[in-house]
Amino acid sequence: MRIAVFAGDGIGPEVTEQAVRVLQALELPGLELVEGDVGGVAYRKHGHPLPAETLEIARSADAILFGAVGDFSCDHLERHLRPEQAILGLRKELGLFANLRPARVFPGLEDLTTLREEVAATIDLLIVRELNGDVYFGEKGIRTLEDGRRQGWDMMSYAEDEVRRIAHAAFQAAMTRSKKLCSVDKANVLETSQLWRDVVIEVAKEYPEVELSHMYVDNAAMQLVKNPGQFDVIVTGNLFGDILSDQASMCVGSIGLLASASLAEGSYGLYEPIHGSAPDIAGKGLANPMATILSAAMLLRHSLGLEAEAVRIEAAVAKTLADGIKGGDLGGSAGTREIGDAVLARL
Ligand code: ATP
């Protein structure tokens with residue numbers, strides 16, 4: 001079991017260090033951690049945000065634990081040399097096509113949500129977003145019409161194999177949860193969505209235990225704030241998923257608690273907190289490492305098949321929060337290392 005650890009910039013190294021301590025504390029036989037440089041730090045050392053050596057480490061590993069990239073001092077660089085290219089490059093090179101974002105409200109943190117507490121308390125869902133297709137990657141341009149008006153255009157499309165593989169990822173995720181999957185589209189208006197829906201229905205035949213439903217994206221946006229407890233797993237395309245996953249995250253309350261996974265075909269995946277490099281607090285020992293620790297739990301679950309260990313880490317984080325140990329992002333005063341120590345003690 002080889003895990004590549006790419007800590008990156010800003011608070012990346014601080015939060016990753018705590019997640020690594022948690023992984024090491026599990027004393028998993030055969031676990032090997034290999035570090036690599038990504039982002040601004042990699043640019044300064046190797047002249048590229050995703051150096052060949054790092055990509056090599058990624059390819060030789062079973063999964064990647066990723067911190068954060070982003071560095072203001074790189075703002076003047078050409079786009080392909082900016083820190084953010086590290087994550088885009090890894091997605092492309094490793095074929096990471098499914099983004100998984102769990103959102104749940106931890107007991108004791110109900111007051112952080114902008115929703116009514118009793119509504120927020122019901123949130124325990126997973127958004128599965130397709131990452132490589134849709135209108136983001138279609139042909140696009142700005143053209144001048146015959147009458148002289150400028151027109152922007154972007155082509156939306158999904159091929160059936162692209163829908164099929166994300167549908168499988170979502171059904172498989174649903175099988176590990178409460179076996180309910182809601183596919184979100186706009187099939188009343190978009191042909192792309194009609195094909196999406198048809199293919200998801202075909203794939204559903206292979207997962208008879210999973211209860212499949214369909215919802216239009218406008219309704220899904222409304223239901224996410226009205227009655228979020230109705231959802232278990234949501235699967236959707238790149239554009240709708242971009243918006244809904246941020247919406248679901250913020251219903252929960254804090255950025256320092258939210259983990260994510262980007263999966264390739266098979267069990268390979270990259271796991272990272274949804275927050276960025278947070279340059280405003282970097283190096284001060286203030287960052288909440290819980291999102292990265294929870295990302296490590298997702299890594300154990302999805303790439304290494306270690307469900308029991310993943311649950312153990314999640315329970316230790318929940319207990320830490322329930323005991324009132326909170327970072328500044330949650331209105332508490334615990335520092336990065338203190339939170340790491342507290343999670344370890346409860347593990
Ligand atoms: P990016 O564009 O990379 O997402 P950003 O600046 O928009 O960067 P973040 O880096 O995630 O977003 O930071 C947003 C705010 O949240 C900042 O004020 C930051 O200090 C805070 N923040 C982010 N992550 C954490 C964390 N783990 N613990 C505490 N505060 C955090």
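Starting from 1, each residue takes its place in the sequence as its number. Both counts, for ligands and for their atoms, begin at 1 and track the order of listing. This structure is a prediction, so every number in the text was calculated from the model and none was measured.
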**Request:** Take Arg337 and Glu14, measure what salt bridge (charged side-chain N to carboxylate O under 4.0 Å, His left out) needs, and give me the verdict at the end.
**Result:** CA-CA 8 Å; Arg337 188 157 186 105; Glu14 301 163 53; over 6 Å; no
side-chain contact (heavy atoms from CB on, under 4.5 Å) between Leu33 and Gln24, intermediate numbers included = CA-CA 9 Å; Leu33 303 172; Gln24 284 170 337; 3.8 Å; yes
task = Go through Asp71 and Arg82 one step at a time and tell me if the salt bridge (charged side-chain N to carboxylate O under 4.0 Å, His left out) criterion holds.
result = CA-CA 8 Å; Asp71 183 339; Arg82 301 231 186 117; over 6 Å; no
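Under the 4.0 angstrom criterion, atom 28 (N) of ligand 1 counts as having a protein heavy-atom contact. The presence of a protein heavy atom under 4.0 Å from atom 14 (C) of ligand 1 is ruled out.
Distance check: Leu90 CG to Glu272 CD gives 9.5 Å after rounding to the nearest 0.5 Å. Considering CG of Leu224 and CD1 of Ile234, their distance stands at 5.0 Å, rounded to 0.5 Å. We find the CZ-CD1 distance between Arg129 and Ile166 to be 10.0 Å, quoted to the nearest 0.5 Å.
Near Ala287, with a cut-off below 4.0 Å to any heavy atom, the atoms of ligand 1 are 28 (N). Remark: ligand 1 atoms within the under-4.0 Å shell around heavy atoms of Ile255 are 11 (O), 16 (O), 22 (N), 23 (C), 24 (N). Atoms of ligand 1 lying under 4.0 Å from at least one heavy atom of Asp329, given by number and element, are 29 (C), 30 (N). Atom numbering of ligand 1 starts at 1 in the shown order; those under 4.0 Å from a heavy atom of Ala278 are 10 (O), 19 (C), 20 (O), 23 (C).
In terms of protein heavy-atom proximity, atom 31 (C) of ligand 1 is nearest to Ile281 CD1, 3.9 Å. For atom 26 (C) of ligand 1, the nearest non-hydrogen atom of the protein is Asn288 N, 3.7 Å. The nearest protein atom to atom 25 (C) of ligand 1, hydrogens excluded, is given as Ile11 CD1, 4.0 Å; this is a heavy-atom distance. Regarding atom 9 (P) of ligand 1, its nearest protein heavy-atom neighbour is Gly276 N, 3.5 Å. Of the protein's heavy atoms, Pro279 CD, 4.8 Å lies nearest to atom 6 (O) of ligand 1. Ranking protein heavy atoms by distance to atom 18 (O) of ligand 1, first place goes to Asp280 OD2, 2.9 Å.
Using a 4.0 Å cut-off between a side-chain N of Lys or Arg and a carboxylate O of Asp or Glu, Lys180 and Glu211 do not qualify as a salt bridge. Residues Lys319 and Asp323 are paired through a salt bridge, judged by an N-O separation under 4.0 Å between the basic side chain and the carboxylate.
Each of Ser260, Ser303, Ser295 was compared with Tyr271 under the side-chain hydrogen bond (donor to acceptor under 3.5 Å, both in side chains) criterion, and only Ser303 meets it.
Contacts of Ser277 with ligand 1, taken as heavy-atom pairs under 4.0 Å, involve the backbone alone.
Within the 4.0 Å heavy-atom shell around ligand 1 one does not find Val15. The shell of residues lying under 4.0 angstrom from ligand 1, judged by heavy atoms, excludes Gly327. Ligand 1 has no atom lying under 4.0 Å from any heavy atom of Gly70.
In this structure, Arg177 contributes its side chain and Asp124 its backbone to a donor-acceptor pair below 3.5 Å.
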